[in-house]
**Q** 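Structure in structure tokens, see below.
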Amino acid sequence: LRLFDTLLPAEISAAPYLRSSPIGNWGNSRQMQRGDNHDWGVWHGERRFSALDSSNMPFVSEFGFPSLPNALSPAMKSNPHAFVYSYKGLNLLESYAHWELGQVSNRWEYLAFDSAQLDWEMQQFADQAQLLQALYMDRAIRHHRTQMFNGGLPREEHFFMGRDIHSSGAFLPVCHGVLAWQLNDVDQAISWSLYDLGNMPKLAADAVSQAFQPMLLSIENTDLDPELRLALTPQRPENGHLQYRCEVKAYGPEGKELSTWTLPLNALGGTPEIVMAYRLRDVMDWPDNMLALSAQLIDEQTDEALDTYVWK
């Protein structure tokens, strides 16, 4: 550690320097309000995915969730615990399957060694883990990208003109950078990678790619009240006038559509990065038996769906 603690600071004494990436960490809520952070409240902190609702950081340089690789070797099937790159182990992964998916996992731990049944159980567990990783990474990136400063720093309203723009406002984002851990692996392992040893993508690879698109939707719980949020990143000035619409639908029992709300969005080239928010209870018919919401962002010129989000 002498290199980072002594030698490097001496060489670059005129420049700001930190010996590691995070100023704050997931265990200290006050520190997480400033600078760079590693957010491991989910997984290492054993918090539920819903803990993201209270996470509010200016930069996040590390967070993730482990999963199994696409192809399970005979050695991994016979002793999966030996391949876990985390001291938390498989028991926590099984707990998350129960908490977030409602799945009864860990059954394979107690099976007699019937190879065919064991193979089936291990593959089911691998599928659950990859689904969990995809769900968490998608939710975390959307959350961080759509956080805004509470009640302040509005952008010029002529950039985006839509229904209820004056009551919702357009705001500077709180979080100015999100880095996911990690891209790939150099060994077959149960780890945080989005691509396994053979560079085969896991489910989370596509989810992360979608969550980093320029136009992004999210529905967040704000005081247990769903709020539609949109993260809109800068457009090139030569793109001129851009038109979008956001369609939000409420669903009841058996998937019955109960109400719809459409938000027109008109953007000018050169638009700065902003976050927009709408309290859905205020802008659309709010049925008492609503069980789920879906939101879709659509390009008016091509009628192409740019992003879709489902909230339950």
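Heavy atoms only: backbone and side chains are in, while hydrogens, waters and symmetry mates are out. Counting from 1, the numbers follow the sequence of the chain as shown.
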**Q** How are the rings of Tyr136 and Phe63 set relative to one another: parallel (under 30°), tilted (30 to 60°) or perpendicular (over 60°)?
**A**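 Geometry flag for Phe63 against Tyr136: perpendicular rings.
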**Q** Can Trp286 and Trp261 be said to form a side-chain contact (heavy atoms from CB on, under 4.5 Å), step by step?
**A** CA-CA 10 Å; Trp286 197 255; Trp261 176 60; over 6 Å; no
**Q** If Ile, Leu, Val, Met, Phe, Trp and Tyr residues are connected whenever their side-chain heavy atoms lie under 4.5 Å apart, and connections chain through other members, are Val60 and Phe212 in the same group?
**A** yes
**Q** Scan side-chain atoms only and decide if Gln243 and Asp299 contain a donor-acceptor pair under the 3.5 Å cut-off.
**A**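 No, no side-chain donor-acceptor contact under 3.5 Å.
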**Q** Can a donor-acceptor pair be found, under 3.5 Å and without considering hydrogens, that links the side chain of Ser55 to the backbone of Ala51?
**A**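 No: the side chain of Ser55 does not pair with the backbone of Ala51.
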**Q** Taking Leu101 as the starting point, is it possible to reach Phe125 by hopping between hydrophobic residues whose side chains are less than 4.5 Å apart?
**A**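 Yes: a chain of side-chain contacts under 4.5 Å links Phe125 to Leu101.
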**Q** Quick one: which residue pairs count as a salt bridge (Lys or Arg N to Asp or Glu O under 4.0 Å) with a foot in residues 178-193, not counting sequence neighbours?
**A** none
**Q** Looking at every non-hydrogen atom in both residues, tell me the closest pair between Arg139 and Ser50 and how far apart they are.
**A**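 Of all heavy-atom pairs spanning Arg139 and Ser50, the closest is NH2-CA, 3.4 Å.
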**Q** Taking side chain to side chain donor-acceptor pair (under 3.5 Å) as the test, write out the residues that go with His143, two or more places apart.
**A** Gln147, Glu220
**Q** Name all residues meeting the side chain to side chain donor-acceptor pair (under 3.5 Å) criterion together with Trp311; count only those two or more places apart in sequence or in a different chain, and write none if there are none.
**A** none
**Q** Quiz question: by atom type and distance under 3.5 Å, do the side chains of Ser193 and Lys202 form a donor-acceptor pair?
**A** yes
**Q** Before giving the answer on side-chain contact (heavy atoms from CB on, under 4.5 Å), spell out for Val248 and Thr260 the whole-Å C-alpha distance, their side-chain angles and the decisive distance to 0.1 Å.
**A** CA-CA 6 Å; Val248 182; Thr260 302; over 6 Å; no
**Q** Heavy-atom count check: over 12 atoms from other residues, nucleotides or ligands less than 6.0 Å from Lys88 NZ?
**A**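 Yes, the 6.0 Å shell around NZ holds more than 12 heavy atoms from other groups.
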**Q** Answer with yes or no whether the side chains of Gln123 and Asp127 bring together a donor and an acceptor at under 3.5 Å.
**A** yes
**Q** Are any side-chain N or O atoms of Ser259 and backbone N or O atoms of Asp285, one a donor and one an acceptor, separated by less than 3.5 Å?
**A** yes
**Q** Apply side chain to side chain donor-acceptor pair (under 3.5 Å) to the pair Trp43 and Ser86, showing each step before the final yes or no.
**A** CA-CA 10 Å; Trp43 187 252; Ser86 171; 3.0 Å; yes
**Q** Looking at Arg47, is its backbone amide N or carbonyl O close enough to the side chain of Tyr96 to form a donor-acceptor pair, meaning the two atoms are under 3.5 Å apart?
**A** yes
**Q** When clusters are formed by joining ILVMFWY residues with side-chain heavy atoms under 4.5 Å apart, either directly or through shared neighbours, do Ile12 and Leu7 land in the same one?
**A**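 Yes, it is one cluster - the side chains of Ile12 and Leu7 are joined through contacts under 4.5 Å.
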**Q** Restricting to side-chain contact (heavy atoms from CB on, under 4.5 Å), what partner residues turn up for Glu11, sequence neighbours left out?
**A** none
**Q** Identify the heavy atoms of Thr146 and Ser218 that sit nearest to each other, and give their distance.
**A** OG1-CB, 3.8 Å
**Q** Between Arg229 and Leu217 (side chain of the first, backbone of the second, donor and acceptor by atom type, cut-off under 3.5 Å), is there such a pair?
**A**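 A pair under 3.5 Å: no.
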**Q** Hey, mind stepping through Gln213 and Leu306 against side-chain contact (heavy atoms from CB on, under 4.5 Å) and telling me if it holds?
**A** CA-CA 8 Å; Gln213 293 300 309; Leu306 303 175; over 6 Å; no
**Q** Apply side chain to side chain donor-acceptor pair (under 3.5 Å) to the pair Thr262 and Glu247, showing each step before the final yes or no.
**A** CA-CA 5 Å; Thr262 301; Glu247 296 181 352; 4.7 Å; no
**Q** Quick check against the 3.5 Å criterion: does Gln133 have a side-chain atom that pairs as donor or acceptor with the backbone of Pro66?
**A** no
**Q** Answer yes if Leu216 and Tyr244 sit in the same cluster of Ile, Leu, Val, Met, Phe, Trp and Tyr residues linked by side chain heavy atoms under 4.5 Å apart, and no otherwise.
**A** no
**Q** Under 4.5 Å between side-chain heavy atoms, hopping through other hydrophobics if needed: is there a path connecting Leu90 to Leu92?
**A**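 Yes.
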**Q** Can you sort out the partners of Glu254 under side-chain contact (heavy atoms from CB on, under 4.5 Å), two or more places apart, ordered by chain and number?
**A** none
**Q** Would you call the rings of His44 and Trp192 parallel, tilted or perpendicular, where under 30° means parallel and over 60° means perpendicular?
**A**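 Tilted.
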**Q** Could you please spell out the steps behind the side-chain contact (heavy atoms from CB on, under 4.5 Å) verdict for Leu228 and Arg279?
**A** CA-CA 6 Å; Leu228 173 71; Arg279 188 172 180 264; over 6 Å; no
**Q** Test Asn37 against Glu62 for side chain to side chain donor-acceptor pair (under 3.5 Å), laying out the working first.
**A** CA-CA 7 Å; Asn37 289 270; Glu62 189 178 295; over 6 Å; no
**Q** Scan for salt bridge (Lys or Arg N to Asp or Glu O under 4.0 Å) pairs involving residues 300-312, sequence neighbours excluded, and state none if there are none.
**A**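 Every salt bridge (Lys or Arg N to Asp or Glu O under 4.0 Å) pair that includes a residue of residues 300-312, provided the two are not neighbours, is Arg142-Asp307, Arg245-Glu300, Arg245-Asp303.
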**Q** Verify side chain to side chain donor-acceptor pair (under 3.5 Å) between Gln296 and Thr308, making sure each step is shown before the conclusion.
**A** CA-CA 4 Å; Gln296 193 169 55; Thr308 301; 3.2 Å; yes
